[in-house]
Amino acid sequence: MEEVRVETAGGRYPVYVGDGLYEGKFVEEIRRLRPRTVALVSHPTIFAVHGERMLAALGEALGAAGSVARFLFSQGEEHKNLRTVEAGYVALLEAGINREDVLISFGGGVVGDTAGFIAATYMRGIGCIQVPTTLMAMVDSSIGGKVGVDLPGAKNAVGAFHQPLAVFSDTGVLQTLPAREMRSGMAEVAKYGFLYDEALLAEVETWSGRREPGAAGLEDIIAACAVHKARVVGEDERDVGGVRAMLNYGHTFGHALESAAGFGTLLHGEAVAVGMMMAARLSESMGLAQGGLYDVHRRLLAPLLAAMPLRVEVDAEELLVYMRSDKKRGKGERFVLLEGPQAPRLVEDVPRELVNEAVEDIVEDIRSGEPWP
Ligand code: GLY
């Protein structure tokens with residue numbers, strides 16, 4: 001097991017990474033918090049596979065006097081919205097959850113963001129423990145306290161900063177994660193690699209190259225990503241100093257892709273992978289990066305897009321419309337670009353024609369289909 005510490009003004013907490021955490025550290029932590037009732041927020045698919053194990057751990061931690069109130073909602077980005085949040089408030093209210101109790105978010109990024117937002121706002125905020133069950137959520141969204149939901153056509157448009165009390169990334173649950181979801185998570189790992197850590201890029205390549213890439217050996221990769229995330233969040237918790245903004249590498253394009261494709265069509269990591277390719281192309285055409293940066297991205301990221309359903313349906317024009325409505329546009333056009341691998345730079349005033357060109361080039365490349373795996 002590895003432990004990474006997050007230290008922010010909004011909360012100091014551990015991120016545990018390892019196999020078999022639910023029966024160990026997790027039980028200890030719940031006992032220490034001594035909630036009367038735990039609100040367990042999840043979705044039916046993850047609950048069907050791992051719910052028994054989670055309930056057994058909670059039973060052991062809470063003892064006979066404690067109870068667990070469940071709130072399960074359907075899987076997918078299309079359910080990350082205010083209707084789900086309201087249903088969650090009602091479920092918590094009916095279960096008598098109050099500020100001494102704890103909410104446990106048990107699922108992937110959609111569950112984590114939505115459950116975290118419920119915790120941030122229900123009774124003006126209750127404690128939240130993040131128990132991510134996807135690689136994507138383990139390496140990124142469960143850490144750092146960004147929680148929220150989408151509005152129609154606007155991803156993460158409503159939200160809060162609400163640091164969890166602890167994060168438990170049990171690598172055992174990744175054994176049952178579908179391959180497409182694993183690849184999506186690997187795109188977020190590659191993001192840390194391009195931004196900060198060459199060794200992580202090598203890990204992604206090795207993982208993709210294995211004949212049967214699975215969950216083995218992931219503890220170190222997840223812990224390495226958690227260290228990067230903890231450092232960044234520690235320096236710039238509320239995303240105002242330009243440090244945390246770097247984590248949006250590929251995301252300005254990626255969020256627009258997710259919206260244009262219709263929420264739930266692309267996995268977050270798939271959209272971010274394509275977004276990073278667009279950002280790499282833009283870095284080249286801006287004269288920031290040497291030629292070759294895009295090719296490196298393509299080589300590493302294309303294998304992660306093997307199951308992306310949208311190869312031939314991405315429309316460049318539509319994408320650009322969504323990009324203009326992105327909430328992060330506040331200070332004008334702002335992109336995370338690379339001067340090279342591990343040399344990120346936040347760039348404002350990017351010429352519109354170059355953005356358009358990068359989008360069109362990569363959409364064209366994806367459409368061509370030819371050299372893709
Ligand atoms: N996922 C980006 C951030 O947490 O800031």
Side-chain angles (χ1 to χ4, degrees), residues 77 150-159 187 190-191 194-195 236 239-263 265-266 268-298 301-302 305 308 310-369 372:
E77 188 79 27
D150 304 329
L151 293 180
K155 196 173 153 69
N156 296 334
V158 178
K191 180 190 79 177
F194 285 123
L195 288 173
D236 184 17
D239 203 358
V240 288
V243 178
R244 189 163 181 171
M246 296 296 183
L247 294 178
N248 280 323
Y249 184 51
H251 283 59
T252 304
F253 291 109
H255 284 170
L257 267 160
E258 278 182 270
S259 301
F263 287 148
T265 310
L266 290 180
H268 178 65
E270 291 170 339
V272 168
V274 177
M276 288 191 286
M277 290 197 280
M278 290 172 176
R281 170 65 93 218
L282 186 55
S283 302
E284 288 178 353
S285 61
M286 288 280 291
L288 280 176
Q290 305 277 325
L293 186 70
Y294 174 66
D295 293 340
V296 174
H297 278 64
R298 197 178 194 288
L301 298 173
L305 300 176
M308 185 174 74
L310 252 227
R311 290 248 188 116
V312 291
E313 287 168 39
V314 178
D315 182 87
E317 257 317 302
E318 200 186 343
L319 200 59
L320 291 164
V321 171
Y322 277 105
M323 282 184 63
R324 278 172 222 134
S325 72
D326 191 292
K327 72 179 193 313
K328 294 190 178 69
R329 223 169 54 88
K331 290 185 188 155
E333 234 33 283
R334 202 166 77 140
F335 286 89
V336 182
L337 299 179
L338 295 185
E339 289 175 353
Q342 298 89 46
R345 206 171 117 183
L346 210 50
V347 182
E348 294 186 9
D349 302 322
V350 177
R352 170 57 58 191
E353 320 79 71
L354 295 186
V355 176
N356 293 10
E357 234 172 73
V359 168
E360 277 156 12
D361 273 11
I362 286 25
V363 167
E364 189 50 43
D365 195 359
I366 291 172
R367 280 188 176 192
S368 77
W372 292 77

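These numbers come from the heavy atoms of this one structure, side chains and all, not from hydrogens, waters or symmetry mates. Given the structure is predicted, the values throughout are model-derived calculations rather than measurements.
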**Q** Using 0.5 Å steps for rounding, measure from the CG atom of Leu293 to the CZ atom of Arg281.
**A** 10.0 Å
**Q** Is the shortest heavy-atom distance from the side chain of Leu195 to the side chain of Val336 under 4.5 Å?
**A** yes
**Q** Search all heavy atoms of Leu338 against all heavy atoms of Ser283 and return the closest pair with its distance.
**A** N-OG, 3.0 Å
**Q** Looking only at non-hydrogen atoms, find the nearest pair between Leu301 and Ala273 and report the distance.
**A**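 Answer, listing the atom of Leu301 first, then Ala273: CD1-O, 3.5 Å.
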**Q** Please examine the side chains of Tyr294 and Asp365, heavy atoms only from C-beta on, and report whether any two atoms are closer than 4.5 Å.
**A** yes
**Q** Could you report the tightest heavy-atom contact between Ala187 and Met276, atom names first, then the distance?
**A**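 In terms of heavy atoms, the two residues are closest at O-CE, 3.3 Å.
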**Q** Which distance, rounded to the nearest 0.5 Å, do you find between the CG of Asn248 and the NZ of Lys191?
**A**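 It comes to 7.0 Å.
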**Q** How long is the span from the NE2 atom in His251 to the NZ atom in Lys155, to the nearest 0.5 Å?
**A**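 That separation rounds to 8.0 Å.
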**Q** Would you give the length of the straight line joining atom CG of Leu337 to atom CD of Glu284, rounded to the nearest 0.5 angstrom?
**A**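 One finds 11.0 Å between CG of Leu337 and CD of Glu284.
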**Q** Can you tell me how far CD1 of Ile362 sits from CE of Met277, rounded to the nearest 0.5 angstrom?
**A** 7.0 Å
**Q** Once side-chain hydrogen bond (donor to acceptor under 3.5 Å, both in side chains) is applied, do any residues pair with His297, and if so which ones, sequence neighbours excluded?
**A**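 Scan of His297 (side-chain hydrogen bond (donor to acceptor under 3.5 Å, both in side chains), adjacent residues dropped) gives Tyr249.
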**Q** Could you measure the distance from the CE atom of Met278 to the CG atom of Asp361? Nearest 0.5 Å is fine.
**A**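 Atom-to-atom, Met278:CE and Asp361:CG are 9.5 Å apart.
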**Q** Can you check whether His268 reaches Glu77 side chain to side chain, under 4.5 Å on heavy atoms?
**A**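 When only atoms from C-beta onward are counted, Glu77 and His268 do not touch, as no gap falls below 4.5 Å.
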**Q** Can you name the nearest heavy-atom pair linking Leu354 to Met286, along with the distance?
**A**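 Heavy-atom minimum between the residues: CD1-SD, 3.8 Å.
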**Q** Going by heavy atoms in the side chains, are His255 and Asn156 under 4.5 Å from each other?
**A**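 Yes, their side chains come closer than 4.5 Å.
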**Q** Ala245 and Asp239: which non-hydrogen atoms are nearest, and at how many Å?
**A** N-OD1, 3.1 Å
**Q** Under the side chain to side chain contact (heavy atoms under 4.5 Å, CB included) criterion, do Val359 and Phe253 qualify, and how do the steps go?
**A** CA-CA 8 Å; Val359 168; Phe253 291 109; 3.6 Å; yes
**Q** List in chain and number order the residues that pass salt bridge (charged side-chain N to carboxylate O under 4.0 Å, His left out) with Glu339, two or more places apart in sequence or in another chain; answer none if no residue qualifies.
**A** Arg345
